[in-house]
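Since the structure comes first, as structure tokens, the remarks are kept for the end.
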Amino acid sequence: MTSDIAAGAAGPRLVVCGGRRLGGQVVVSGAKNSALKLMAASLLAPGTSVLHNVPDIQDVRTMQEVLEYLGAVVEFVDGTMAVDTTAVQSHVAPYELVQRMRASIQIMGPLVARFGHARVAMPGGCNLGPRKIDIHLRGLAEMGAVVRSDHGFVEVTAPKLRAVDLFLDYPSVGATENLLMAAVLAEGTTTLENVAREPEIVDLCKFLISMGADIDGAGSSTIRVNGVKEMRQAEHTVLGDRIEAGTFLIAGAATGGEVEVAGISPHVLDLFLSKLRSVGVQVHESPHSIRVSGELGSYRAVDVATLPYPGFPTDLQAQMMVLLSLAEGVSVVTENVFENRFGFVDELIRLGAEIRVDGNHAVVSGGRSFTGAIVRCPDLRAGAALAIAGLAAEGSTELRDVHHIDRGYERFEEKLRAVGADVQRLAAADGGRCG
Ligand code: EPZ
């Protein structure tokens with residue numbers, strides 16, 4: 001076998017045998033996009049904080065490495081994580097860790113607040129776009145920090161942050177979180193306007209309040225923080241992952257099956273569920289679970305535009321595009337959050353989709369049927385979307401670069417098998433085809 005063919009076949013892969021209706025219940029894990037920030041927030045107090053319902057995924061393991069690099073002691077067993085930050089003495093997030101996971105930059109706010117200093121490698125771009133951090137840095141500077149960059153690092157120094165009234169240029173999730181965590185120990189009342197309203201922000205505020213912070217307005221566009229003298233360690237349970245929930249709901253709908261996701265409140269997915277209903281998916285809501293069912297031939301096209309919460313989540317855009325490819329009619333999907341989040345379209349076309357990208361719009365011609373093929377996962381959510389397409393395809397789909405999926409989905413193939421999917425994880429050498 002020539003080297004490039006061998007190289008292409010290298011690495012763990014998922015082989016999905018399509019054409020089966022999914023049926024059953026999935027319990028979602030704790031939200032990746034909350035857990036990572038709660039871990040960073042534990043740096044705000046000495047002693048040991050305890051987090052429950054933490055997903056055992058690659059990004060959490062990377063954030064554990066970041067905390068241990070700073071000198072924290074982390075124990076993570078069966079979804080419960082204890083973070084002892086008493087011995088933290090470094091304030092540096094190295095290039096290798098930031099490059100592996102951009103969310104490493106979320107330690108900036110807590111380190112500057114507690115120690116007056118942070119030196120963080122600047123995150124590079126990624127498949128989704130340049131991923132700037134100008135809103136984070138401008139906010140910290142307005143709070144009195146000295147911000148300077150050199151040798152690919154950004155250094156933030158502030159003996160004492162001061163309370164200010166800040167208006168974010170854009171409701172950035174990460175900037176809201178970094179500035180929130182910086183403000184809790186700043187002298188006076190900080191008002192943050194035009195902040196992100198995601199449920200993960202609310203979860204972070206709950207944890208910060210349990211650590212002794214004085215915060216109101218979580219979940220609204222304006223959050224007020226009355227600075228306190230010190231924070232104390234606390235215990236918290238991570239909320240359910242709404243993006244994982246949406247991913248499995250679309251998998252159920254795209255196979256014409258009936259899938260229930262448990263451990264999630266429907267209200268965090270309001271607009272998404274409304275769009276599923278517009279497509280023709282039956283959606284049944286309970287206080288802590290959501291069930292979907294539908295007939296593949298009955299789905300119809302709808303337009304979707306991603307927006308900051310409570311708009312349609314950009315992290316469910318790729319998965320939705322798979323469902324729209326199966327619905328009758330033409331849908332327009334508009335990506336308003338990231339500069340380049342259609343990178344997976346070419347892979348989806350290889351499975352049988354008909355999509356034309358024009359700037360931040362994707363015109364999806366529906367009524368398609370998929371046939372299995374070898375595809376590569378360009379990023380986390382696109383990888384999950386390609387798996388869904390494989391579940392709906394005739395024949396075998398081989399997903400490569402599945403490490404992207406492992407960053408954010410806990411026991412992904414195990415959960416899919418629990419609802420009837422025929423999916424196997426294969427090491428490099430194994431062959432894999434459907435019976
Ligand atoms: C968080 O990323 C999530 N990641 C992303 O999920 C999610 O897609 C995103 O929020 C939007 O909901 C985590 O929470 C770890 P942003 P974040 O700051 O904080 C621009 C997944 O699959 N921007 O709201 O990086 C930026 O370039 C991941 O789980 C600036 O211009 O998102 C982007 O276009 C993918 N300057 C837009 O804002 C800044 O200083 C949204 O970014 C900051 C952001």
Side-chain angles (χ1 to χ4, degrees), residues 29-41 55 57-60 62-63 66 98 100-109 120 122-142 147 154 156 166-181 192 194-204 238-239 241-247 268-269 271-272 306-319 335-344 360 377-385 404-410 412:
S29 300
K32 165 177 86 78
N33 292 348
S34 176
L36 297 176
K37 304 7 163 0
L38 299 172
M39 291 169 71
I57 54 179
Q58 188 51 53
D59 275 7
V60 164
T62 301
M63 185 59 90
V66 172
V98 177
R100 196 192 313 164
M101 182 188 66
R102 181 181 188 281
S104 309
I105 64 170
Q106 302 301 154
I107 63 170
M108 249 189 316
V120 176
M122 276 188 269
C126 73
N127 284 342
L128 307 183
R131 304 297 293 272
K132 296 178 293 187
I133 59 171
D134 54 320
I135 301 172
H136 301 240
L137 301 180
R138 200 174 313 125
L140 290 169
E142 289 192 29
V147 177
V154 64
V156 185
L166 268 177
F167 224 101
L168 272 63
D169 287 356
Y170 172 88
S172 151
V173 171
T176 301
E177 291 158 338
N178 253 332
L179 295 173
L180 256 177
M181 293 189 277
L192 301 173
N194 193 30
V195 295
R197 299 168 51 192
E198 274 70 3
E200 292 75 30
I201 303 283
V202 177
D203 208 35
L204 174 61
V238 184
L239 87 168
D241 193 318
R242 62 192 168 99
I243 305 303
E244 183 191 19
T247 302
V268 297
L269 283 168
L271 180 56
F272 167 74
T306 68
L307 283 169
Y309 191 88
F312 191 94
T314 176
D315 294 345
L316 287 170
Q317 176 253 94
Q319 301 91 314
E335 174 56 53
N336 292 309
V337 175
F338 286 105
E339 293 85 350
N340 170 31
R341 200 163 194 170
F342 292 138
F344 82 110
N360 70 331
C377 304
D379 68 69
L380 160 64
R381 306 303 177 186
H404 288 294
I405 295 180
D406 298 337
R407 289 189 52 179
Y409 287 94
E410 187 180 35
F412 185 61

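Remember, it's 1-based here, ligands and their atoms both numbered in the order they're listed. Since we're looking at a predicted model, the values are computed, not measured.
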Checklist entry - With a 4.0 Å cut-off on heavy atoms, does Lys37 reach ligand 1? => result yes
Checklist entry - At a 4.0 Å threshold, what atoms of ligand 1 neighbour a non-hydrogen atom of Ile133? => result 39 (C), 40 (O)
Checklist entry - With only distance considered, is Gly174 within less than 3.5 Å of ligand 1 through an N or O on each side? => result yes
Checklist entry - Can you find a heavy atom in the side chain of Glu200 that is under 4.5 Å from one in the side chain of Lys37? => result no
Checklist entry - When you look for heavy atoms under 4.0 Å from ligand 1, do you find them on the side chain of Ser172, its backbone, both, or neither? => result both
Checklist entry - Minimum heavy-atom separation for Met108 to Leu137, with atom names? => result SD-CD2, 3.9 Å
Next on the checklist: With a 3.5 Å distance limit and no angle check, can you tell me whether Gln106 reaches the backbone of Gly174 through a side-chain donor-acceptor pair?
Outcome noted: yes
Checklist entry - Does some non-hydrogen atom of Met101 fall short of 4.0 Å from ligand 1? => result no
Checklist entry - Quick one: which of Asp134, Val337, Thr306 has a heavy atom closest to atom 37 (C) of ligand 1? => result Val337
Item to check | Closest to atom 23 (N) of ligand 1 (judged by heavy-atom distance), picking from Gln106, Glu244, Lys132 | outcome: Lys132
Checklist entry - With a cut-off of 4.0 Å, which atoms of ligand 1 are near a heavy atom of Leu380? => result 21 (C), 22 (O), 29 (O)
Checklist outcome for this item: Arg100 meets the side chain to side chain contact (heavy atoms under 4.5 Å, CB included) criterion, sequence neighbours left out, with Gln58, Thr62, Glu65, Leu97
Item to check | Partner residues of Asn336 under the side chain to side chain contact (heavy atoms under 4.5 Å, CB included) criterion, sequence neighbours left out | outcome: Ala305, Thr306, Leu307, Thr334, Asn360
Next on the checklist: I need the contact type for Tyr309 against ligand 1. Using non-hydrogen atoms and a strict under-4.0 Å cut-off, is it side chain, backbone, both or neither?
Outcome noted: neither
Item to check | Phe338 neighbourhood, listing ligand 1 atoms whose heavy-atom distance to it stays under 4.0 Å | outcome: 8 (O), 9 (C), 33 (C), 34 (O)
Checklist entry - Where is the tightest heavy-atom contact between Val337 and Pro308, given as atom of each residue plus distance? => result CG2-N, 4.1 Å
Next on the checklist: Is there a polar contact between ligand 1 and Ile135, counting only N or O atoms under 3.5 Å apart?
Outcome noted: yes
Checklist outcome for this item: Shortest non-hydrogen pair, Pro378 vs Phe344, comes out as CG-CB, 3.7 Å
Next on the checklist: At less than 4.0 angstrom from any non-hydrogen atom of Arg341, what atoms of ligand 1 do you find?
Outcome noted: 8 (O), 22 (O), 35 (C)
Next on the checklist: I need the atoms of ligand 1 closer than 4.0 Å to a non-hydrogen atom of Tyr170, numbered in the order shown.
Outcome noted: 37 (C), 38 (O), 41 (C)
Checklist outcome for this item: Minimal heavy-atom distance between Leu180 and Leu204, with the atoms involved, is CD1-CD2, 4.3 Å
Next on the checklist: With heavy-atom distances below 4.0 Å as the criterion, list the atoms of ligand 1 near Lys32.
Outcome noted: 21 (C), 29 (O)
Item to check | Val173, portion touching ligand 1 at heavy-atom distance under 4.0 Å | outcome: both
Checklist entry - Could a heavy atom of Arg102 be found less than 4.0 Å from some atom of ligand 1? => result yes
Item to check | Salt bridge Asp59-Arg102, side-chain N to carboxylate O under 4.0 Å | outcome: no
Checklist entry - Does the side chain of Ser104 come within less than 4.5 Å of Val120's, by heavy atoms? => result no
Checklist entry - Could an N or O of ligand 1 be found under 3.5 Å from any N or O of Arg381, whether backbone or side chain? => result yes
Checklist outcome for this item: All heavy atoms of Arg242 vs all of Pro199, minimum pair found to be NE-CD, 3.6 Å
